[in-house]
2 protein chains.
Amino acid sequence: MANRIAVALNALADPTRRTIFERVGAAPGAVGEIAAGLPVSRPAVSQHLKVLKEAGLVTDTPDGTRRVYRLDPRGLGALRDWLDRFWGDQLGAFKDFADQQESSE
Amino acid sequence: MANRIAVALNALADPTRRTIFERVGAAPGAVGEIAAGLPVSRPAVSQHLKVLKEAGLVTDTPDGTRRVYRLDPRGLGALRDWLDRFWGDQLGAFKDFADQQESSE
DNA sequence: CGATTCGGTTAGCCATGGCTTACGGTAAGC
DNA sequence: GCTTACCGTAAGCCATGGCTAACCGAATCG
C-alpha cells in the first residue's frame with residue numbers, strides 16, 4: 001500500500017512523464033497522438049506510458065493496431081488518500097504553532 | 001504555479017526523502033533526531049531537508065544550535081489542488097468509459 | 001498474402017542526483 | 001575563551017534512469 005504511493009509519486013516526478021499524464025488527462029488517445037508535439041521520440045513516450053500504467057495512473061485499451069490510453073482513477077485516489085492523511089494530522093499542529101509564534105511577537 | 005507542483009512531486013519521489021517527510025509529519029524535530037534511526041548519514045538528511053524546504057513542504061525554525069523542522073501546509077495544499085483537477089475532469093470521463101465497456105459485454 | 005501502420009522492446013549512451021567524507025561556522029556549557 | 005554539540009556546505013564517487021536508434025511483432029488494408 002505504501003509501495004503504491006511510491007511508484008505513483010516516482011512516476012509523476014519526471015517532467016516529461018507528467019506532461020504525458022496531463023495530456024492523457026485532457027484527452028485519451030493513442031501513443032502516436034500523444035507523442036506528436038512532444039520533444040521526445042515515440043519509444044520514449046511508450047516507455048513513460050509503461051511506467052504510468054504500472055503505477056496505476058493510466059489504463060490502455062487495444063484498438064486495432066492502436067492502443068488508447070486513458071486516466072486510471074486508482075492511482076489518483078491512492079495519492080489523494082495519502083495526502084489527506086497529512087492534512088488531518090499536521091495541519092492542526094501547524095496552526096497551533098503559527099498561533100503560538102504570533103502571540104510571542 | 002506548475003513549477004510548484006514539479007518541485008513538490010520531485011521532492012516526494014525519493015524514498016529516503018519521503019521517509020524523512022513522513023517522520024517530520026509524525027513529529028517535528030531537529031536534524032539529528034530525524035537522522036537517528038535512518039540508514040543514511042546526517043548530512044544526507046540535511047540535504048534532503050533542504051530540498052523539502054525549497055519545495056514548500058517543510059519549514060525550519062532555529063532553536064539554539066538546533067534547527068527544528070515541521071510540515072508546511074503550502075506544498076501539501078498545492079499538491080492537493082493539482083490532484084483535484086484530475087478528479088473533476090477525468091473521473092467522470094472514466095466512469096462513462098467503464099459504463100460503456102460494461103454495456104458491450 | 002504483401003505492404004503498411006502502429007507500438008512495445010533492447011542496447012547503449014550520458015546526465016542527473018543521492019550518498020559519504022571532510023570541512024567550516026555558530027551557539028551553548030564549563 | 002575553549003571546548004563541545006549541532007548543523008549546513010563542498011567535492012567526489014557511483015548508481016539510477018531517461019533518451020535515441022534499431023529491431024521485431026501484430027493487426028489492418030489493398
Does the pair Asp72(A)/Lys53(A) count as a salt bridge with the N-to-O cut at 4.0 Å?
no
Salt bridge Glu33(B)-Arg23(B), side-chain N to carboxylate O under 4.0 Å
no
Report the distance from atom [atom1] of [X] to atom [atom2] of [N], rounded to the nearest whole Å.
X	N	atom1	atom2	answer
Glu33(A)	dT5(C)	CD	P	16 Å
Ile20(B)	dG18(C)	CD1	C1'	11 Å
Lys53(B)	dT9(D)	NZ	P	8 Å
Leu52(A)	dG7(C)	CG	P	16 Å
Asp60(A)	dG8(C)	CG	C1'	11 Å
Asp63(B)	dA27(C)	CG	P	13 Å
His48(A)	dG17(D)	NE2	C1'	10 Å
Arg67(B)	dA27(C)	CZ	P	10 Å

By the definition salt bridge (charged side-chain N to carboxylate O under 4.0 Å, His left out), identify the one residue from Arg70(B), Arg66(B), Lys50(B), Arg67(B) that meets it with Asp60(B).
Arg67(B)
Taking only the side-chain heavy atoms of [X] (C-beta and beyond), determine which of [options] contains the nearest atom.
X	options	value
Gln47(A)	dC7(D), dT20(D), dT21(C)	dT20(D)
Val40(A)	dC19(C), dT20(D), dG7(C)	dT20(D)
Asp14(B)	dG8(D), dG18(C), dT20(C)	dG18(C)
Val31(B)	dG8(D), dT20(D), dG7(C)	dG8(D)

Is there side-chain contact between Thr59(A) and Tyr69(A), with at least one heavy-atom pair below 4.5 Å?
no
Are any non-hydrogen side-chain atoms of Gln47(B) and Val45(B) less than 4.5 angstrom apart?
no
Does [X] have a side-chain nitrogen or oxygen under 4.0 Å from the phosphate oxygens OP1 or OP2 of [N]?
X	N	answer
Arg66(A)	dA27(D)	no
Tyr69(A)	dC6(C)	no
Ser41(B)	dT21(C)	no

[X] near the nucleic acid: base, sugar-phosphate alone, or nothing, with a heavy-atom cut-off under 4.0 Å?
X	answer
Pro15(A)	nothing
Arg17(A)	sugar-phosphate
Pro43(A)	base

Result for 5'-nearest mapping on DNA chain C, choosing between Lys50(A) and Thr65(A), is Thr65(A)
Closer to the 5' end of DNA chain D via nearest nucleotide, is it Arg42(A) or Gly32(B)?
Gly32(B)
